[in-house]
Amino acid sequence: MVHKPYDHQKVEKKWQDTWYASDAFTAPDHPTKHKAYILDMFPYPSGDGLHVGHPEGYTASDIFSRYLRMQGKNVLHPMGWDAFGLPAENYAIKTGTHPSLTTKQNIATFKRQIQALGFSYDWTRELNTTDPEYYKWTQWIFLKLFEKGLAYEAEAPINWCPKDKTGLANEEVVGGKCDRCGTVVEKKNIRQWLVKITDAKYIERLLNDLDTLDWSTSIKQSQRNWIGKSEGAEIDFTIQPQAHGGQEPNFLILHGYTGRVDKNFIPNLKEQLESQGYVVQTPQLPNTTAPKEVEQVQYVIDNCTIDSSTIIVGHSLGGVVAMKVIQKINQPIAGLVLVAPAVEPEFRTGEERPFWKTFTWDYDYNRIKKFSGFRIVLSDLLEKDERAAYLGYLAKKLDAPVRETTANKSHFRGTNEPFVLHNLLRTIKVFTTRPDTLFGATYMVLSPEHPLVSEITTDEHRKAVEKYQKQASQKSDLDRTDLAKEKTGVFTGAYAINPVNNEKIPVWIADYVLASYGTGAIMAVPAHDERDHAFAKKYELPIVDVIMPHVIDAKNPPRSDKQTLERQSVHAIVHDPKTDRYLCLQWKIFPWTTFVMGGVEAGEDIIEAAKREVKEEAGYTDLHFERVIGGPVRADYFATHKDENRRSIASAVLFTLASDAREEITAKEKAKAEPVWLPLSALKPESMRCSELPFWLDRLEGNFTYSGEGLMIRPALPMSPIPKPVLEVPMSPGAAGHLGNELQRIGYDGPYEGLTSQEFRKAIVGWLEKTGNGKAATNYKLRDWVFSRQRYWGEPIPIVHCPEHGNVAVPEDKLPVLLPDVKKYEPTGTGESPLAGIKDWVNTTCPQCGEPAKRETNTMPQWAGSNWYFLRYCDPHNNKQLADPAKLKAWLPVDTYIGGAEHAVLHLLYARFIYKFLFDIGVVPKEVGDEPFIKLINQGLILAEDGQKMSKSRGNVINPDLIVREYGADSLRMFEMFMGPLQDAKPWNTRGIVGVRRFLEKVWQLQEKVQDGSELHRETHALVKQIGDDIKSFSLNTAVSNFMKWTNAAATWESVSKMEFGTFLTLLSPFAPHLAQELWSQLGHKDQVHAQSWPNFDASKLIAENVEVVVQVNGKVRDKFTVASGISVEDLKAQALGSKKIQPWLGGKTPKKIIVVKGKLVSIVI
RNA sequence: GCCGGGAUGGCGGAACUGGUAGACGCACAGGACUCAAAAUCCUGCGACCGCAAGGUCAUGAGAGUUCGAUUCUCUCUCCCGGCACCA
């Protein structure tokens, strides 16, 4: 029988018509068998039509879907259109064509091209995000977010693309440029809708649930990076206040009814303030159990010093006394702080107090306001409601803020009430991941936008600060984050107090600190942070080492059964500038090279010690001291020659050789070691015996910051004689013991000597929390999602702005809010959408009161529609709800999701968030879990033949239509799979496609060999197994090569049975459905090959009768022979040893060992 | 800088849990068929030495573990992706 030649165009057309006319791949609403939801990322139907990249993922998912159907599963495999977006709108601006028309045309093109490839989509479920029946539910999701407080309106500085004239989400800005058009984005402060993706209820789940997903590590890593969690602490630094004229304030603390100066928070507060150098008066007022106003006020006026720098603090009834004092003295004071002040009669309930009648309860508020520089009211949340009402009333009268807290003891009666202190002194919160370096914080930096900058800046520095702020505001983010640029900043004139040691540290502003991360302020630790170090060097700020690196010698670790000798030592690094070499010792008694080094003797500093050692061991006397390079390094090792463990705490001192002047060295030293001069390149860890070497080399290169973990050194660790010059700036005396005391106070009973930085980090956070100076804190880089676009072609945000009721949701039964027609699509650029110009659309009534109101004119971003489309596929025509829960339960979650990696942090993060939200509000049934995509496969980019990215501008785009016309859809499908692993990027090579085309021709030719029968060759059984395995693991390139191998083998056969060829076609049908179907029907079958069940293989048939065995001698292949596969180990051994080729390699010797891997190899060791 | 991933012939790539490196395809060379060309078929195709049998070297570089390493461990180089004055 002679068949017609393979005419791909005819064959493909014929079967596509059959399939699409009969909705051949429709999924049931309620699967009765095992379900599988196989999803492709739906495309944006651009005007350019399909790209060869599209069919890559679509083919892979189609093969998998067809395979699963043949495995007897119900498969949901849908397709739709993500059709809102900028290109259609930009096209409308240019041509005046309505975007809906362009979109319709583009969809038609895409659909024709996709259908020409024979994909098995369920077209009855096709959806389109621009269809009002669809975006009704996109709007509905927005309303739910709004209802739960997760969508909010704010005027926020956001990324603004000046070309596209719209705001962008952070995720849409890549390297400071607009992801779409590459324009450098600007910061613009406009009214925006934001979605609270950072909400505590979601952010940790978005991060942690990544662990449960079968996604590539790189995508998961991208999401983790983007969420950017860091754990550390928030620490409050108090700012030294300036009273009028820049003077430091003094404090007058007045106790309350039955109070005493040694009660409540007063002693502790006094101590804290005094430890920071302030003058504090705490008068004991007369008659505390039966106080009289006149008596107490007069007592204060007579006995206390009050001047323009005085801040009066009044607790409870003391607050009333304070106000009366101010009314009476007729002179200005710095400020008034009322700590839970006593209550006016009309607010009182309960038992009568003696002072109710001995005090008058009227105030001259204007007078108090006039004479006090500032006023603050502190309120304790533990107290009763009527007091809160009173404090609010009082604060209003005094024009003062009310600051609330939960006091340690109700009514601020605790012995330690840090909230009071923090409100006396302005505090600035910083975030740090390294609270263990707190002792090394030598200055503070605020971002130029920090709200407290102008408040704390002194008059003297105001001009410079404002100038700097202005400059910073004019820089783009791209400029500000340019790492290469030198850091800049200005001093504010203010000082903060480091809470751990009460050091006074300067407060600067600098644009290397970002307002948008953490608290917008940092504590700078120049010894342990590179950025801070660079800044400190430039502005000559102090640098204090607090962490010592610690190395344990890997080759000679300390031994637990040996004694340990600890010693302070010094390494002298002597550089000869004339030869650019370094002085080392070549030891004679050991095979070592070292620097000149030795112990530091009592009373000696390290520089003296280093000089002495150089003189003794090498004789050089004329050394010029350069510097101590960094802090000390501890090394632990076992000293073999001494049979003891050594703990060396070493510092390195750098000298230059000023002249060759030398003294004779002793015979003893001569016998021990010889001085040699080595170039820097010879100073290598493998050639030097020096555990600290990597640190010294690093520091010689100028890297003085150590940001790793280590051991705490002073002042945290008062370790005896640490040589003085180690610290570039010494801390104040007394600081050293401070932490020890504090640690004891919080119940840590040490020993803290030798604490690692990790241990100390925990201890210090405990201390911060205990003392109210800070707390453990977590920070994220993720920002809320900017959700409004000032453009036309998107879903209108269903909100009405009512003058009376604010933002009011459009009622659900009024959805969808239809996108109206406009005449001009041009974005206004003012931050308003083109919709703002349509008066009769904008003007509406408030759904709450019916009064005139205006519609929201911003539209949603493209991600809004793509967030949840995969839910809609389960129930695409439902007009009552987003989707029927029973249908969602039947199909969700998506089992396999295939698409490009470019959506790593955009679509994939947004969709996970929205899915979790829909899960929480019960739309997503709880049985299906709160992760939408269980397995994700990212197909790699198909590059152009030149290895570059395909793009219209480069002119290297391959049009799939041409390939389909010339080689056929089956060739294109198989070739795209054959090119390489699905996940890898790979260049297109049109010449290569002939390989698969030839293969398909061979398959076509094979029908000449078909004869009746049901015999299957061993290769066919093997193929069934291989193809199944390959598809399951998405190793589709090897599947294609396995098909080719099979046809190569079949070409040598006499005949192929009808059964065998049918089996082969069944396996081939997911890959080349048209050809497989055509040959299937030519075999005489009336049904469809894709409806067959997946063939089984007979495992017993896979075993070959004979196997080839390799014989190795010492790991090298020396012989190969074929044996029966069932051969015994003994026989195999004997045959191997007896081989003529092996004999010469054995050389008559008896093998040491013979390793036999059954059916594979014999390895002989001699 | 930090975090991921990778590097195998002229090219795309293959090699299951450590066991014959280079499957399959492209390109290339030689041959058959043809008046000729295309198509098709056959043969060869990592490098070096050798007439051959065969040997030696080869999976980015260098070390290590092992009878045996593309595969495991360490160091380094380069490439790709993500993040990036993120405190």
Side-chain angles (χ1 to χ4, degrees), chain A residues 174-175 216-230 232 430-434 437 445 447 480-485 487 510-514 516-525 528-532 534-535 554 685-686 707 779-782 901-902 904-905 938 940-941 945 975 978-981 983-996 998-999 1001-1002 1005 1029 1033 1035 1037-1048 1051 1108-1120 1141 1151-1157 1159-1166:
Chain A
V174 176
S216 72
T217 44
S218 67
I219 297 279
K220 289 204 245 185
Q221 201 58 34
S222 295
Q223 292 215 354
R224 283 193 198 103
N225 275 344
W226 192 257
I227 294 169
K229 180 180 182 173
S230 352
V430 304
F431 174 73
T432 177
T433 53
R434 292 299 297 273
T437 63
V445 187
S447 70
R480 270 185 69 162
T481 56
D482 185 353
L483 275 158
K485 279 204 184 126
K487 298 196 184 343
D511 65 5
Y512 82 90
V513 174
L514 307 175
S516 57
Y517 183 76
T519 60
I522 61 159
M523 66 178 207
V525 184
H528 302 293
D529 182 283
E530 264 177 61
R531 297 154 298 175
D532 297 343
F535 192 82
E686 53 273 21
S707 55
N779 243 292
Y780 301 90
K781 282 195 267 185
L782 186 69
E902 67 274 18
V905 290
N938 297 110
L941 271 188
E945 292 193 77
F975 180 59
F978 186 56
M979 288 196 303
Q983 286 89 343
D984 292 6
K986 47 221 165 254
W988 177 267
N989 179 359
T990 301
R991 276 193 300 190
I993 200 167
V994 304
V996 290
R998 283 176 193 152
F999 157 75
E1001 301 265 8
K1002 280 186 206 168
Q1005 293 305 321
D1029 290 350
S1033 59
S1035 176
N1037 52 331
T1038 58
V1040 176
S1041 87
N1042 281 323
F1043 281 125
M1044 289 172 168
K1045 269 189 236 180
W1046 184 89
T1047 45
N1048 289 348
E1108 194 183 27
V1109 169
V1110 175
V1111 185
Q1112 293 181 338
V1113 178
N1114 283 347
K1116 292 221 151 88
V1117 179
R1118 298 301 180 190
D1119 193 16
K1120 301 173 189 183
K1141 285 188 186 162
K1152 248 195 231 164
K1153 199 170 160 191
I1154 302 175
I1155 297 142
V1156 180
V1157 180
K1160 272 199 176 148
L1161 95 163
V1162 179
S1163 182
I1164 302 164
V1165 189
I1166 36 174

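The figures that follow rest on heavy atoms only: side chains count, while hydrogens, waters and symmetry mates do not. To find a chain, count down the sequence lines: A is the first, B the second, and so on, and within it residues start at 1.
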Do the side-chain N and O atoms of A:T1038 and A:S1041 include a donor-acceptor pair separated by under 3.5 angstrom?
-> no

Taking the same atom, C1', in B:C85 and in B:C80, what whole-Å distance lies between them?
-> 25 Å

C1' gap between B:U56 and B:A39, integer Å = 43 Å

Give the rounded distance in Å between these two atoms: NZ of A:K1160 and C1' of B:C67.
-> 17 Å

Quantified in whole Å, what is the P atom distance between nucleotide B:G13 and nucleotide B:A52?
-> 34 Å

Over all atoms of both residues, closest heavy-atom pair of A:K781 and A:W226 = CB-O, 3.9 Å

Using the C1' atom as the reference point in each nucleotide, state the distance between B:C16 and B:C3 in Å, no decimals.
-> 31 Å

Give the minimum heavy-atom separation between A:Y517 and A:Y780, together with the two atoms involved.
-> CE1-O, 3.8 Å

By nearest-nucleotide position on RNA chain B, the 5'-leaning member of A:K1116 and A:V1165 is A:K1116

Measure the distance from CD on A:E530 to C1' on B:C2 and round it to the nearest whole Å.
-> 11 Å

Distance between the P atoms of B:G18 and B:U71, in whole angstroms?
-> 11 Å

What is the base-pairing partner of B:G12, counting Watson-Crick and G-U wobble geometry with both distances under 3.5 Å?
-> B:C24

Given B:C41, B:C85, B:G5, which nucleotide is nearest the side-chain atoms of A:T217?
-> B:G5

Considering only B:G19, B:C3, B:C67, which nucleotide approaches the side chain of A:V1157 most closely?
-> B:G19

Is a donor-acceptor contact shorter than 3.5 angstrom present between the side chain of A:Q1112 and the base of B:G19?
-> yes

Using a cut-off of 6.0 Å, state whether more than 12 heavy atoms not belonging to A:E1001 lie near its atom CD.
-> yes

Working for side chain to side chain contact (heavy atoms under 4.5 Å, CB included), residues A:Y512 and A:I522 = CA-CA 10 Å; A:Y512 82 90; A:I522 61 159; 3.8 Å; yes

Any A:N1114 side-chain nitrogen or oxygen under 4.0 Å from OP1 or OP2 of B:G68 = no

A:M523 CE to B:C86 P: how many Å, rounded?
-> 15 Å

Angle class for the A:F1043/A:F999 ring planes (parallel below 30°, perpendicular above 60°, tilted otherwise)?
-> tilted

First locate atom CG of A:D1119, then atom CD of A:Q1112, and finally report the distance between them rounded to the nearest 0.5 Å.
-> 12.0 Å

Below 4.0 angstrom from OP1 or OP2 of B:G25, is there any side-chain N or O of A:N1048?
-> yes

So what does A:S1163 hit on the nucleic acid, given a heavy-atom distance under 4.0 Å: a base, only sugar-phosphate, or nothing?
-> base

Does a nitrogen or oxygen in the side chain of A:R998 sit under 4.0 Å from OP1 or OP2 of B:C26?
-> yes

Closest to the side chain of A:K986, out of B:A23, B:G13, B:C85, is B:G13

Between A:R434 and B:A87, is there a side-chain N or O to OP1/OP2 distance below 4.0 Å?
-> no

Atom OH of A:Y517 to atom C1' of B:A87: distance rounded to whole Å?
-> 7 Å

Rounded distance in Å - CG (A:D984) to P (B:A14) | 7 Å

Look through every strand shown and name the nucleotide pairing with B:U34 as Watson-Crick or G-U wobble, where both distances are under 3.5 Å.
-> none

Conformer about C1'-N of B:G5 - syn within 90° of 0, anti elsewhere | anti

Out of B:G19, B:G12, B:A87, whichever nucleotide has its closest atom nearest the side chain of A:L1161 | B:G19

Interatomic distance at P, B:C33 relative to B:A21, whole Å | 39 Å

Using a strict 4.0 Å threshold on nitrogen-to-oxygen distance, state whether A:D984 and A:K986 make a salt bridge.
-> no

C1' spacing across the pair B:C57 / B:A61, given as an integer number of angstrom = 16 Å

With a non-hydrogen cut-off below 4.0 angstrom, is A:V996 in contact with a base, only sugar-phosphate, or nothing?
-> nothing

Can you check whether A:R1118 has a side-chain N or O nearer than 4.0 Å to OP1 or OP2 of B:G68?
-> no

Nearest-Å distance for atom pair CD/P, residues A:E1108 and B:G19 = 17 Å

Whole-Å distance between B:C24 P and A:F975 CZ?
-> 18 Å

Answer for the Watson-Crick or wobble partner of B:C83, both distances under 3.5 Å, is B:G1

Between A:S222 and B:G4, does any side-chain N or O lie under 4.0 Å from OP1 or OP2?
-> no

Does B:G12 have OP1 or OP2 sitting under 4.0 Å from an N or O in the side chain of A:R991?
-> no

Side chain of A:V994 (C-beta onward), nearest among B:A27, B:G12, B:A14 | B:A27

When A:I1155 and A:P981 are each assigned the nearest nucleotide of RNA chain B, the 5'-most assignment goes to A:P981

For the pair made of CD in A:E945 and P in B:C11, what is the distance, rounded to whole Å?
-> 16 Å

Provide the distance between the two P atoms, one in B:U59 and one in B:C72, to the nearest whole Å.
-> 15 Å

For B:C85, does OP1 or OP2 lie under 4.0 Å from any side-chain N or O of A:K487?
-> no

Under 3.5 Å on both distances, the Watson-Crick or G-U partner of B:A7 = B:U77

Among the nucleotides B:C24, B:A87, B:C26, which one has an atom lying closest to any side-chain atom of A:I522?
-> B:A87

